Each structure stands twice: as structure tokens, then as C-alpha cells.
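A quick note: this is a predicted structure, and the numbers were derived from the prediction, not measured.
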Amino acid sequence: MTRRFLFVLGSSRSDGNTELLARRAAEQLPEGVEQQWIDLAAHPLPDFEDLRHDSDHVRPTRGNVALLLDATLAATDVVIVSPLYWYSVSAHVKRYLDYWSGWLRTPDVDFKATMAGRTLWGVTALAHEEQEVADPLVGTLGNSAAYMKMRFGGVLLGNGSKPGDVLGDAEALARAKTFFAQEAPSARFPYETD
């Protein structure tokens with residue numbers, strides 16, 4: 001399968017530090033690798049309604065939910081591009097991930113089996129110098145990948161608060177050059193051992 005990257009932008013600010021860092025990393029992808037960028041602020045999802053025990057599940061055919069479902073299913077690599085908001089993913093990204101729960105039960109989608117073996121990545125910018133404060137965000141993405149039997153490429157972390165600050169983070173920019181070139185291992189829950 002030809003690699004196809006879906007970049008899910010979760011910031012409430014366009015061209016913010018997280019997006020700038022993600023675009024720097026995406027510039028390094030080989031020519032011919034498809035990229036689709038979807039800004040969740042420009043394509044908002046309605047509040048997620050948990051219908052997991054109802055039987056009325058239907059596949060969305062139009063609107064932002066259908067756009068994101070189709071784009072997610074078509075991607076070999078899903079990149080969550082979310083600033084660190086209150087030590088985790090943004091509300092936009094959390095809502096997108098909540099929709100995964102509904103898609104698990106959507107007829108004729110086979111969402112979990114389709115996503116198994118594909119790769120989840122993360123990119124975030126944070127204002128702290130101590131990168132450990134992003135552990136909840138990393139855990140959210142890593143555990144989500146483990147549940148879906150995906151690969152997890154980890155999270156590219158950069159430092160920045162004011163717009164453009166991340167472009168001064170030489171270490172993050174250096175990591176961005178090789179971030180998507182690494183082999184992503186199968187995701188595992190923290191309690192799983194060899």
C-alpha cells in the first residue's frame with residue numbers, strides 16, 4: 001500500500017507552533033508520499049454522542065464527520081498535530097478521537113481491523129522546557145494506538161509559546177528531519193511486557 005499521511009490539525013490557532021513543526025517534518029517525506037491536511041477548527045465535529053449500545057449506527061455520507069472518517073480510513077499514517085493544552089491533546093483532537101469509538105461500531109467500516117497495522121504519530125509544541133509534562137498527551141496517543149493494534153511512531157516535541165517560537169528550537173527542528181523516517185514499532189499498553 002502506498003503511504004498516505006493524514007495530518008489532523010488540532011489547534012485553535014492556524015499556523016501555530018505545532019503546525020509549523022509538523023510542516024517541517026512533512027517536508028522530509030519522500031516525493032510521491034500523499035499528504036492530506038485537515039484543520040479541525042475549519043472542519044468542526046459536532047459533540048460526540050455515545051451510541052455504543054444503540055443499534056442505529058449508520059455510516060456518515062456527508063459533512064465533516066464523513067470527511068474525517070473517509071480520510072482516516074484512507075491513511076496509512078495518521079498524524080495528530082495538537083498543541084499541549086492542559087497537559088494533553090486539544091479539545092478538537094479529543095473530539096476526533098471520541099469519534100473513533102463510534103466508527104468502531106459503524107456497519108461496513110470494520111474500523112479497528114482497517115486501522116490495525118497502520119501508524120499513529122503525534123506532533124506537539126509546549127511552553128515548558130521540561131518535556132515530561134507532555135507525558136499525558138503521549139500516553140493518550142500511545143494507548144489509543146495500542147487499543148487499535150496500530151504502530152506508534154511517538155511524538156515529536158518542540159518548544160514554543162508565542163507564534164513562531166518553535167522555529168528557534170534547533171533540537172526539535174533537527175528531530176523533525178528524521179521523525180517520519182524511523183520505523184514505528186507496534187504500539188503496546190504500558191502494562192504489556194515481552
Side-chain angles (χ1 to χ4, degrees), residues 1-10 18 21-38 40 48 50 52 68-84 87-90 92-126 131-158 171-172 174-194:
M1 182 176 202
T2 304
R3 288 184 84 184
R4 179 182 170 92
F5 277 71
L6 170 63
F7 291 85
V8 180
L9 303 177
T18 303
L21 185 58
R23 291 196 182 275
R24 287 294 175 98
E27 288 171 1
Q28 310 306 313
L29 289 171
E31 192 174 315
V33 171
E34 289 184 59
Q35 297 179 32
Q36 182 176 12
W37 295 73
I38 298 179
L40 295 175
F48 176 69
D50 186 357
R52 100 182 93 170
L68 281 154
L69 173 58
D70 291 342
T72 303
L73 290 170
T76 59
D77 297 78
V78 177
V79 185
I80 300 297
V81 183
S82 174
L84 186 70
Y87 309 102
S88 191
V89 295
S90 70
H92 293 304
V93 167
K94 179 63 173 74
R95 183 173 290 135
Y96 166 69
L97 293 174
D98 285 347
Y99 268 86
W100 285 25
S101 295
W103 297 339
L104 287 169
R105 291 158 184 84
T106 302
D108 304 321
V109 170
D110 211 4
F111 189 68
K112 190 170 185 178
T114 300
M115 298 308 291
R118 298 190 183 185
T119 305
L120 185 65
W121 308 83
V123 179
T124 193
L126 55 149
Q131 294 186 344
E132 295 81 5
V133 300
D135 287 352
L137 180 146
V138 175
T140 293
L141 298 181
N143 288 336
S144 297
Y147 179 79
M148 297 296 291
K149 307 278 190 237
M150 297 175 75
R151 298 180 167 282
F152 183 50
V155 178
L156 175 60
L157 300 168
E171 289 180 22
R175 286 191 304 270
K177 290 187 179 205
T178 59
F179 184 61
F180 294 126
Q182 66 181 323
E183 182 67 30
S186 294
R188 299 172 67 151
F189 287 109
Y191 58 79
E192 293 179 315
T193 59
D194 291 332

Q) In Å and rounded to the nearest 0.5 Å, what is the OG to CG distance from Ser88 to Leu141? A) 8.0 Å
**Q.** Residues in side-chain contact (heavy atoms from CB on, under 4.5 Å) contact with Thr72, at least two apart in sequence or another chain
**A.** Leu6, Val78, Tyr96, Trp100, Trp103, Phe111, Met115
Q.
Under the rule for side-chain hydrogen bond (donor to acceptor under 3.5 Å, both in side chains), what residues qualify as partners of Gln131, not counting sequence neighbours?
A. none
(Q) If the condition is side-chain contact (heavy atoms from CB on, under 4.5 Å), which residues does Ala25 pass it with, not counting sequence neighbours? (A) Leu156, Ala176, Phe180
Q.
Please report the interatomic distance CG(Leu97) to OG1(Thr140), rounded to the nearest 0.5 Å.
A. 8.0 Å
(Q) My understanding is that only residues two or more places apart in sequence, or in another chain, count here; which of them pass side-chain hydrogen bond (donor to acceptor under 3.5 Å, both in side chains) with Glu34? (A) Arg4
Q: Sorted by first residue and then second, give each salt bridge (charged side-chain N to carboxylate O under 4.0 Å, His left out) pair with at least one member in residues 21-30; sequence neighbours left out.
A: Glu19-Arg23
Q: Might you point out which heavy atoms bring His92 and Leu40 nearest each other, and give the distance in Å?
A: O-CD1, 3.4 Å
Q. Which atom pair, heavy atoms only, marks the closest approach of Ala187 to Ala146?
A. CB-N, 3.4 Å
(Q) I'd like to check Leu73 versus Val109 (side-chain heavy atoms, cut-off strictly below 4.5 Å). Are they in contact? (A) yes
Q: List in chain and number order the residues that pass side-chain hydrogen bond (donor to acceptor under 3.5 Å, both in side chains) with Asp70, two or more places apart in sequence or in another chain; answer none if no residue qualifies.
A: Arg59
Q.
Testing the basics here: between Pro136 and Tyr87, what is the closest heavy-atom pair and its distance to 0.1 Å?
A. CB-O, 3.0 Å
Q. Taking only residues two or more places apart in sequence, or in another chain, which ones meet Tyr147 in a ring-ring contact (aromatic ring centres under 6.0 Å, His included)?
A. none
Q.
Rounded to the nearest 0.5 Å, what separates atom CZ in Arg105 from atom NZ in Lys112?
A. 9.5 Å
Q.
I'd like to know if the side chain of Thr124 reaches the main chain of Leu157, judged simply by a donor and an acceptor atom lying under 3.5 Å from each other, with no hydrogens or angles considered.
A. no
Q: Kindly compute the distance separating CD1 (Ile38) from CZ (Phe7), expressed to the nearest 0.5 Å.
A: 12.0 Å
Q: Check whether any side-chain N or O of Arg118 sits under 3.5 Å from a backbone N or O of Ala75 as a donor-acceptor pair, and report yes or no.
A: yes
Q | With sequence neighbours excluded, residues passing salt bridge (Lys or Arg N to Asp or Glu O under 4.0 Å) with Asp135 | A | none
Q.
Tell me every residue that passes salt bridge (Lys or Arg N to Asp or Glu O under 4.0 Å) with Asp98, counting only those two or more places apart in sequence or in another chain.
A. Lys94
Q.
Nearest 0.5 Å, please: how far is CG in Leu104 from CE in Met148?
A. 5.0 Å
Q: Please identify each residue that fulfils side-chain contact (heavy atoms from CB on, under 4.5 Å) with Arg95, with sequence neighbours left out.
A: Leu45, Asp47, Tyr99
Q: List the atom of Ala145, the atom of Leu120, and the distance in Å for their closest heavy-atom pair.
A: CB-CD2, 4.0 Å
Q | OG1 on Thr119 to CZ on Phe152, rounded to 0.5 Å | A | 10.5 Å
Q. Okay, side chain of Ser82, backbone of Ser90: is any donor-acceptor separation there less than 3.5 Å?
A. yes
Q: Flag the pair Pro190 / Asn143 as yes when at least one side-chain heavy-atom distance between them is below 4.5 Å, and no otherwise.
A: yes
**Q.** By side-chain contact (heavy atoms from CB on, under 4.5 Å) - contacts of Glu183 (at least two apart)
**A.** Arg151
